[in-house]
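Here, residue 1 is the first one in the sequence, and each next residue gets the next number. From a predicted model like this one, the values you see are computed outputs, not experimental measurements.
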Amino acid sequence: MSDEKEATRRDFLKLAGTTAPVAAVAVASGTTSAEAAEPDLSSNKMQDTAHTRAYLASARF
């Protein structure tokens, strides 16, 4: 017989409970916010503005 311990549901929940907060902190601390550029009114293309960033952020699933 093998001396290896089988993983149980309790072990999985302990691991998941400790790694989730660590992952959340890593994601939150690694992101930086970018500022939107001033709109170029002479262009007909979609501009990178705070309004378009807010729309695109709200349209994500």
Side-chain angles (χ1 to χ4, degrees):
M1 293 194 79
S2 152
D3 289 337
E4 293 181 21
K5 180 182 172 185
E6 284 189 39
T8 62
R9 185 181 306 169
R10 180 175 282 168
D11 292 334
F12 172 75
L13 292 175
K14 285 181 189 177
L15 182 65
T18 57
T19 57
V22 172
V25 168
V27 168
S29 66
T31 59
T32 59
S33 61
E35 295 294 323
E38 290 295 320
D40 180 16
L41 300 177
S42 64
S43 176
N44 289 336
K45 295 181 181 179
M46 185 173 85
Q47 302 294 313
D48 181 23
T49 63
H51 175 74
T52 55
R53 284 182 182 244
Y55 170 75
L56 292 174
S58 69
R60 291 187 184 148
F61 292 96

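Ser42 is linked by a side chain to side chain contact (heavy atoms under 4.5 Å, CB included) to Asp40, counting only residues two or more places apart in sequence or in another chain. A search for side chain to side chain contact (heavy atoms under 4.5 Å, CB included) contacts involving Arg10 returns Thr8, Lys14, not counting sequence neighbours.
Using a 4.5 Å cut-off on side-chain heavy atoms (C-beta onward), Arg9 and Leu13 make contact.
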